[in-house]
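For reference, the structure discussed in these notes is given below.
Throughout, a chain's letter reflects where its sequence line sits, starting with A, and its residues are numbered from 1.
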Amino acid sequence: MAGTAWLAHAKEISLDIDDIKAPAFSARSVRASLSGPGLRELTLRIDRLTVAGRDWRKVSLTCADLQTSGPRMSCTRGVLDVGEKIPLSFSYTTGSGDLALELKPAADETWQVTGRVAGAQTAIAARLVNVRLERFTALLPSSAPKLTTGRATGTIDLRGSVVKARVQLDGIGFADSSGLHAGEKIAGTVELDAESKADAWRWRARVGWRAGEVFWQPVFLSGAGQQLDLEGVTSRGVTEVSGGTLVFPRIGTIDLKGVWDHASGAVRYAEARTSAVGIASAYDQILKPLLQQTVLSDLRGDGELGFAVVADGDGLLSAEVELRGVSFEDRERRRFALFGASGRIPWRRGEVTTGELTLKGAEFLKVPLGATRIPLRLRGTGVGISAMRVPVFDGAVQLRDFAAGATDDGWRWRFSGQVEPISMTQLTQALGMPTMYGSVSGVIPELRYRGQILAMDGALVIKLFDGTVTAANVQLAEPFGRAPRLQADLEMKGLDLELLTRAFDFGTITGRIDARVSGLELSDWQPVRFDAQLASSAGTYPRKISQRAVQNISALGGAGAAAAIQRSFLRFFEQFGYDRIGLSCRLRNGVCEMDGVEKAPQGYVIVKGGGIPAISVIGYNRSVSWGELVDRLKRITQENVKPIVK
Amino acid sequence: MTGRAGWKIVGVTLACMLAGCVTINIYFPAAAAERAADRIIDEVWQLKPDAVKPKTDKPAGTP
Amino acid sequence: MTRLGALRAALLVLLLAVAGFAAAQANLEINTPAIAALQRSMQDRHGQLQPLYASGAVGLTRDGNVALRDANAVPLAQRAQVNALVAAENQDRAALYREIARANGKPEWESDIRATFAQRWIDKAQPGWYYQNASGAWVKK
């Protein structure tokens with residue numbers, strides 16, 4: 001207080017105070033005066049009032065009927081002007097310190113404070129009815145989302161060193177400018193009990209969330225009876241939560257602990273654990289909104305999950321997850337499913353930990369996978385699996401030395417392994433492809449995923465149609481993207497043409513064939529580039545070609561050629577002999593440059609006749625549109641070739 | 001002497017690099033890229049005249 | 001005088017070279033299965049994005065992406081979906097630019113193609129939609 005002066009006149013007493021300063025508030029140019037008949041008009045003006053860093057200018061309190069009788073002073077028709085004019089009444093008794101104050105900013109809004117202000121015996125009760133919370137917007141830090149609406153009704157009692165609050169909140173709305181942190185129509189209750197002893201506050205709080213919605217990027221939650229109970233001590237700028245629970249109805253209960261340093265704003269210790277969370281409702285209520293537009297956007301979940309997460313000032317200290325019968329299924333498209341996953345996965349900072357998961361089964365693109373045991377080894381962001389075996393139909397895929405880790409350019413993983421013979425018949429049927437006879441097997445020296453590219457070292461051997469197909473230099477870019485790009489070199493040896501043509505319903509060709517497809521490039525699973533050569537295998541074996549197969553091969557060159565056969569005497573023969581079959585295609589920019597076994601006048605020989613009766617098929621068109629060729633093949637095999645499953 | 005020759009080479013390389021930059025800029029077929037972009041955008045945003053045509057909403061169920 | 005003449009000649013050669021290139025420019029290859037798949041995916045998504053462009057919730061960025069601008073116009077329950085839509089669209093757009101460059105055998109063109117698209121998306125945007133100007137500020141078209 002600086003520079004006070006009393007000025008006494010007959011009709012007015014006024015008091016000028018330059019400044020009042022307290023830790024939480026300050027007031028500048030305070031002037032109080034009593035005037036009017038009997039000095040019953042009180043006017044208190046503050047040029048600038050600062051509370052918690054916010055300013056109000058030209059604040060005034062006027063009272064037209066100040067009454068004083070002995071130590072009691074009262075006013076029934078006061079007005080507080082803080083920009084809006086708020087009717088007010090009060091009474092105060094000096095000595096006893098009895099106080100009663102009532103503000104009525106709106107017809108249904110009341111702020112009532114009653115009690116006694118007398119040092120240690122201070123007891124104040126505040127009763128709030130429909131208090132508009134937006135009045136406090138200015139008091140909140142400007143970095144927080146703006147509180148736009150809300151009402152509070154309840155009581156706050158202050159008795160000596162004990163505080164007790166019971167407040168109902170309704171219609172709370174808040175939002176930041178981007179709309180990424182916002183809430184609407186929030187209703188709930190806040191209960192707080194606190195007691196101060198020495199320099200510590202011992203407190204207990206309960207917050208219930210009854211209704212409304214919150215979007216806090218990226219999480220969306222609606223109020224459905226969630227309840228947070230916390231108990232702790234706040235002392236010397238440190239709050240310690242010694243016990244807390246967060247209850248999500250129908251999902252589970254999470255136990256909480258923590259230590260928070262106010263000055264640095266840092267969490268020194270935090271712990272969250274739960275014995276059981278229901279996967280189905282947790283997915284529906286919490287995860288589903290997060291996973292929209294991803295492959296995990298529509299799952300059916302089942303089972304239970306337990307976890308314990310501990311963090312200190314340096315970050316995550318330990319995490320442990322326990323799964324009990326967890327299943328997920330892609331509800332819409334059934335692209336993948338996981339059944340009965342159980343096990344415990346522990347992780348600790350700076351240590352190597354081991355865990356194990358067991359799977360009752362799984363399904364990938366409608367191919368069922370059998371029961372699997374997955375031994376896990378964790379360290380930092382790295383995951384390792386020494387060996388695991390995934391049964392697929394009558395065979396299995398074995399993984400060895402699996403190692404995964406997070407790097408700057410995303411996830412990276414590698415493994416080696418082998419494929420125990422898997423029935424091609426069952427596999428092609430499950431994938432909805434034409435049934436092929438044979439089996440797939442092979443050794444995978446190393447499969448690597450890094451920088452969005454999946455690459456295989458070594459060769460995968462597929463035993464198909466009594467021959468072998470070898471895939472080498474296999475590389476798949478962006479396997480999980482919208483347009484995966486596959487590169488590979490394929491080599492096929494001694495495929496039985498009879499089995500092959502039967503599978504694709506192409507007529508019948510007896511014999512064996514070799515093929516080489518080098519520089520194969522698939523974009524979105526469709527060929528865009530390759531050099532392919534098809535030729536009869538060396539050796540002696542029966543070589544026959546059915547009339548229908550001849551027609552089909554001819555039809556690849558256009559409808560006219562096939563009709564030509566029909567018109568000639570050749571139509572009387574069921575089968576023909578041949579010497580060699582050969583066809584090559586060099587695909588570039590949607591055009592296939594074709595060639596055959598050898599040159600023919602103005603064309604090339606595709607089937608070179610031999611034996612009796614012999615037949616030769618000659619192609620004349622060297623440049624054929626790939627799309628047209630595929631269409632013709634599709635027409636020939638009569639929808640036996642199904643489009644690729646995406 | 002050798003020092004001078006060295007500088008000369010550096011000078012020529014620099015010029016090449018500068019020229020190279022210019023060449024790359026010219027080399028990008030901006031007009032073709034723009035046409036390609038237009039075709040794709042028209043398709044994605046359905047801006048083609050026939051796609052903008054208002055649908056003829058016929059009352060359902062009445063013959 | 002001679003220096004000016006030389007400069008003029010050089011400019012003329014440069015212009016001719018540019019003109020030559022422009023005249024010789026064939027169309028870019030955009031008929032690949034991958035580009036078709038991306039185009040389909042983006043076209044399907046456009047039905048959901050269109051009202052968001054119109055309300056200003058989502059805008060077109062100067063680098064050929066889309067971005068969440070002001071989600072306040074979108075009901076709370078759908079905001080997570082808007083985020084997901086934006087992320088999915090940008091993923092497709094990145095793949096599209098990369099695929100066009102790759103389909104033409106010039107992976108190094110990716111950023112030029114992105115820049116071209118950025119400009120064309122904005123040019124073709126409907127009135128009322130928001131886009132980022134050269135300095136990154138949102139502008140209503």
Looking only at C/N72, C/L96, C/L76, C/V82, most heavy-atom pairs under 4.5 Å shared with chain A are made by C/L76

Does C/K124, at its NZ atom, have more than 12 non-hydrogen atoms belonging to other residues, nucleotides or ligands within less than 6.0 Å?
yes

Honestly, the part of C/L68 sitting under 4.5 Å from a heavy atom of chain A is side chain

Heaviest contributor of heavy-atom pairs below 4.5 Å to chain C, chosen from A/A175, A/A182, A/G590, is A/A182

Whatever's closer than 4.5 Å to a heavy atom in chain C on A/S222 counts as neither

Exercise. Check whether more than 12 heavy atoms from other residues, nucleotides or ligands sit under 6.0 Å from atom CZ of A/R588, and answer yes or no.
Key: yes

Applied to residues 59-82 of chain C, the salt bridge (Lys or Arg N to Asp or Glu O under 4.0 Å) test, sequence neighbours excluded, yields none

Hits for side-chain contact (heavy atoms from CB on, under 4.5 Å) against C/E29, two or more places apart or cross-chain, chain-then-number order -> A/N589, C/N31, C/T32, C/A103, C/N104

Honestly, the part of C/E89 sitting under 4.5 Å from a heavy atom of chain A is neither

So do A/F215 and C/N83 actually touch side chain to side chain, heavy atoms under 4.5 Å? yes

From the list C/A57, C/A71, C/A36, the residue making the most non-hydrogen contacts under 4.5 Å with chain A is C/A71

Heavy atoms of other groups near A/R450 CZ, more than 12 under 6.0 Å: no

### Query
Should we say atom NZ of A/K288 is surrounded by more than 12 heavy atoms from elsewhere, each under 6.0 Å from it?
yes

### Task
Decide yes or no on side-chain contact (heavy atoms from CB on, under 4.5 Å) for C/R40 and A/D524, but give the supporting numbers first.
CA-CA 12 Å; C/R40 261 197 316 278; A/D524 194 32; 4.2 Å; yes

Whatever's closer than 4.5 Å to a heavy atom in chain C on A/R529 counts as neither

Quiz item: For C/R102 and A/S523, what are the C-alpha separation, side-chain angles and deciding distance, and is it a side-chain contact (heavy atoms from CB on, under 4.5 Å)?
Solution: CA-CA 11 Å; C/R102 231 191 273 177; A/S523 180; over 6 Å; no

Applying a strict 4.5 Å limit to non-hydrogen atoms, the region of C/A77 in contact with chain A is both

Applying a strict 4.5 Å limit to non-hydrogen atoms, the region of A/V214 in contact with chain C is backbone

